[in-house]
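Have a look at the structure below, then the notes.
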Amino acid sequence: MRPERYDFAAAEPKWREIWEERQAFACGDPQKPKYYVLEMFPYPSGRIHVGHVRNYSMGDVIARYKRAKGFDVLHPMGWDAFGLPAENAAQQSGSHPATWTYANIASMRTQLKSMGLSLDWSREIATCDPAYYKHQQKLFLDFLVHGLVDRKQSKVNWDPVDQTVLANEQVVDGRGWRSGALVEQRELTQWFLRIGKYADDLLASLDTLERWPEKVRLMQRNWIGRSEGLLVRFALAGDPAGEIEVFTTRPDTLFGAKFVALAPDHPLARKAASSDPALAAFAEECRHIGTSVAAIETAEKKGYDTGLKVVHPFDPSWTLPVYVANFILMDYGTGAIFGCPAHDQRDLDFSRAYGLGATPVVCPEGVDPSTLVIGETAFDGEGRLVNSRFLDGLTVAEAKEEAAKRLETAQLHGRPQGERKINYKLRDWGISRQRYWGCPIPIIHCPDCGVVPVPDADLPVKLPEDVSFDRPGNPLDHHPTWKHVACPKCGAAARRETDTMDTFVDSSWYYARFADPHNAAAPADPEQLARWLPVDQYIGGIEHAILHLLYSRFFSRAMRDSGHGGHGGVAEPFAGLFTQGMVVHETYRAASGKWIAPTELRFETSETGRRAFLIETGEEAEIGSIEKMSKSKRNTVDPDDIIASYGADTARLFVLSDSPPDRDVVWTEEGVQGASRFVHRVWRLTGELANVSAPLGASAPAEFGAAALDIRKATHRAIAAVGDTIERLRFNTAIARIREFANELTSALDKIETTPVDADLAFAFREAAETLALLIAPMTPHVAEECWRDLGHAEPIVATPWPVADAALVAQETIVLPVQVNGKKRAEIVVAHDASEAVIREEALSQEGVVRAMEGKPLKKFILVPKRIVNVVV
RNA sequence: GCGGGCGUGGCGGAAUUGGUAGACGCAGCGGACUCAAAAUCCGCCAUCCUCACGGAUAUGUCGGUUCGACUCCGACCGCCCGCACCA
């Protein structure tokens with residue numbers, strides 16, 4: 001006998017055990033087509049948050065659905081386990097980063113398991129495991145051999161007090177976030193991965209990624225930032241050999257040039273600064289802004305006149321002043337620009353600050369050039385050239401071409417004065433980090449041999465365990481012995497590279513490692529890579545739209561080109577990408593301004609609205625805006641609490657319901673209760689259906705009455721709709737369709753007149769009950785298994801195929817057609833699905849509402865959109 | 001600064017991708033069951049006019065294309081996200 005109420009606390013762990021015993025989620029049936037579903041692996045911060053619950057629930061729906069559809073599904077989990085928080089924890093609490101990280105992994109693993117995810121835990125990896133990073137070091141060395149690694153100087157934000165490099169986000173108003181010290185820019189010699197080598201391929205291949213969101217592709221396109229332009233060399237006035245090379249995409253506007261500007265770190269700017277203390281001070285001031293593009297570009301435009309002049313390339317008698325300016329980036333182009341204030345907003349802002357003027361040289365069509373005045377806004381649109389001598393009258397495109405041609409043939413210092421150049425915003429990827437908790441860069445610096453790779457036999461270069469974090473700087477550098485080694489080439493005393501790799505490197509190839517996670521000899525066996533890659537569906541946050549995804553795309557190419565196997569013949573690691581939204585929550589504040597956690601509050605709903613009171617004191621708290629969950633605002637909810645009070649199925653159902661998966665979802669207690677109600681309702685409904693259902697395995701009767709046929713139609717329409725919405729990753733609508741189906745079954749039960757019911761109805765009820773369990777299983781797997789077993793099945797749902805919709809039952813033989821008059825709906829008609837236009841026309845025009853709306857006016861046009869709508873135009 | 005996204009009832013959202021705007025849920029209101037409450041079940045629920053039938057207005061704002069626009073185009077307003085050492 002069934003209990004009164006669904007006991008999730010007993011049922012959920014029971015089913016998880018059964019799945020585990022059966023190893024239901026291990027892959028490896030080569031007869032089946034493969035399907036690789038991957039969610040971005042978590043950083044082991046210690047606790048999972050609701051965002052994880054949402055991310056992994058989505059992936060799990062796909063994994064369970066695809067498994068039921070007959071695919072050999074790879075659905076693994078691992079840990080992005082290197083990174084700064086472990087070192088911060090070590091500084092604050094004294095626990096070793098490894099201890100801290102592995103303890104966090106253990107508790108998060110337990111939490112994830114309590115969600116009932118269909119993961120293959122035998123493939124678990126952690127990036128901080130030497131068994132993982134050993135291969136990463138090997139990849140780095142192979143990249144080095146294949147010319148994909150570079151070593152060069154680069155600027156960093158340096159905190160002189162903490163003796164550490166700062167991330168851009170750690171620079172607040174030009175000061176270090178902890179020390180408050182003025183941030184300096186320092187040049188460090190760093191390792192780079194030459195992602196730029198693949199810029200064109202990375203850009204062009206975006207077009208092949210049809211199952212990626214268009215916005216992510218666009219963001220990557222802009223990030224790569226391919227632009228065609230011209231390198232133009234300006235002669236320095238009064239210096240026979242001197243010149244400044246600028247990159248421009250607008251050579252057409254050269255006659256509007258008012259100045260040339262250099263980045264503060266431009267070699268010429270440095271040279272000028274060496275004899276001009278005021279300039280040196282200005283350059284130093286610029287360096288305090290930090291290295292982030294956002295900070296540099298939003299800072300007020302400032303410059304310093306070097307006193308130097310350059311000669312205009314088209315007129316030897318025309319000179320332009322040379323400024324050093326704070327908005328010119330040394331990393332882009334040549335670190336120097338010519339400024340045309342009339343047609344570039346930044347140049348205009350700068351020109352207005354220093355009184356350099358603005359001569360318009362492009363005039364929009366239909367505007368009289370003599371009336372053309374540049375006010376506060378630069379004009380960057382199309383038009384024809386004016387005030388530009390030989391370019392006058394040309395279009396922008398023609399003028400670009402003409403200017404380029406002339407400069408290519410002109411000579412300066414024995415070389416062409418202009419050169420066409422394709423420039424990319426994409427910079428090579430600096431991976432050196434002056435930190436302990438990361439993958440050591442396997443390089444030895446020998447005073448005689450220079451840079452020497454660590455021999456394969458000595459990999460992995462392991463992190464030393466006995467490190468301290470009690471003084472500023474890199475613990476690897478401070479370690480008494482670790483960095484001292486003999487040169488592998490000459491045996492002389494040498495020094496290890498003490499920088500570790502950016503953690504983005506760790507996450508750039510983990511998807512490939514999952515294909516063969518325990519391979520000791522190689523990152524992964526090429527055959528396994530060919531079997532599993534690319535990832536069919538990748539799911540994660542939009543915040544990774546650019547860097548992580550671009551770096552992974554680089555790695556798949558670099559691995560292919562350095563002998564680590566193609567990814568099944570394709571360069572792209574992720575065939576399908578889905579970016580899910582955040583989970584957000586209301587915020588609460590006490591009168592004191594202190595943030596209050598939702599668990600500390602009691603809520604009251606009255607006619608005047610919702611109010612919140614502190615449980616402890618009764619004091620009223622202000623209900624604030626809905627924001628991203630964060631510890632500082634204390635508006636987080638703990639998945640453990642939810643799972644303990646409502647069960648994993650409820651938590652999963654809630655994060656999938658209501659909001660479309662790519663949008664933010666607001667976490668509300670009411671919503672969770674609604675999800676919980678539905679979980680219990682499905683269970684009760686199944687019990688009621690079971691009471692009137694045919695026995696397990698009963699064959700279909702020859703004929704069905706109207707009532708039974710209606711139920712079967714609802715069942716098969718639900719199968720079709722739910723399958724379709726899951727395929728389209730519209731989980732919220734999939735759940736709405738299941739709820740609709742449940743509503744239909746509830747009213748069908750209400751209509752039963754006599755029991756026991758006839759055989760046709762009994763068959764339809766069994767089919768419906770089984771379908772309900774099968775359809776909801778990807779979202780709420782535990783309760784689905786419980787219902788399935790209550791319907792008499794010995795084998796669990798995880799071993800049961802997805803139901804197949806009967807097309808004959810899904811098809812409608814009559815359809816409802818709305819009838820519009822002049823675009824406004826006035827009536828509905830019911831017609832056979834194959835009714836002729838003449839029949840429909842007669843039926844439509846005879847409707848009372850239609851006749852009234854036509855007001856006796858003559859029919860002008862009769863529009864019939866088959867199976868959609870009728871529009872009568874009068 | 002540059003780039004990207006979003007905007008529909010009291011709330012989250014749906015709309016077969018140019019064809020009935022508001023599916024499904026949350027909240028609310030009314031009812032059944034109960035000694036009572038909880039749970040559950042049934043019904044109502046965009047706004048305005050109308051007893052009702054019915055009608056008018058509605059998808060951030062303004063304009064355009066179309067027989068027909070939440071959907072396409074243009075301008076504007078508001079909010080959110082990313083910008084290379086956070087992961």
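Proteins get letters first, then strands, A, B, ... in listed order; numbering begins at 1 in each.
Using a 30° and 60° split on the angle between ring planes, A/His548 and A/Tyr538 fall in the tilted class, from 30° to 60°.
Here the side chain of A/Gln434 is nearest to one of B/A27, B/U17, B/C85, namely B/C85. The side chain of A/Asp80 lies closest to B/A87 when the candidates are B/C67, B/C41, B/A87. Comparing B/C67, B/U40, B/A84 against the side chain of A/Trp223 picks out B/A84 as the nearest. Proximity note for A/Arg868 (side chain, C-beta onward) versus B/G19, B/A27, B/A14: the nearest is B/G19. Closest to the A/Asn222 side chain, of the nucleotides B/G4, B/U17, B/A84, is B/G4.
One finds a side-chain N or O of A/Arg730 lying less than 4.0 angstrom from the OP1 or OP2 phosphate oxygen of B/A14. Checking the phosphate oxygens (OP1, OP2) of B/G25, a side-chain nitrogen or oxygen of A/Asn743 falls inside 4.0 Å. At least one side-chain nitrogen or oxygen of A/Arg826 sits closer than 4.0 Å to the OP1 or OP2 atom of B/A56. OP1 or OP2 of B/G68 has not a single side-chain nitrogen or oxygen of A/Asn822 nearer than 4.0 Å. A/Arg5 has no side-chain polar atom (N or O) that falls below the 4.0 Å cut-off from OP1 or OP2 of B/A39. The phosphate of B/A14 (OP1 or OP2) has no side-chain N or O of A/Arg739 nearer than 4.0 angstrom. Look at A/Arg346 and you won't find any side-chain N or O under 4.0 angstrom from OP1 or OP2 of B/C2. Residue A/Arg221 places no side-chain N or O under 4.0 Å from the OP1 or OP2 atom of B/G3.
If you check every strand for non-hydrogen atoms under 4.0 Å, A/Arg737 touches a base.
Taking a 6.0 Å sphere around NZ of A/Lys302, one finds it holds 12 or fewer heavy atoms contributed by other residues, nucleotides or ligands.
Look at the C1' atom in both B/G22 and B/G13: the space between them is 9 Å, to the nearest Å.
Under 4.0 Å is where a charged nitrogen must lie from a carboxylate oxygen, and between A/Lys152 and A/Asp428 at least one such pair does. Under 4.0 Å is where a charged nitrogen must lie from a carboxylate oxygen, and between A/Arg852 and A/Glu848 at least one such pair does.
A/Gln820 has its CD atom 17 Å from the P atom of B/U66, to the nearest Å.
A cation-pi arrangement, defined by a distance under 6.0 Å to the six-membered ring centre and an angle within 45 degrees of its axis, is present between A/Arg841 and A/Phe862.
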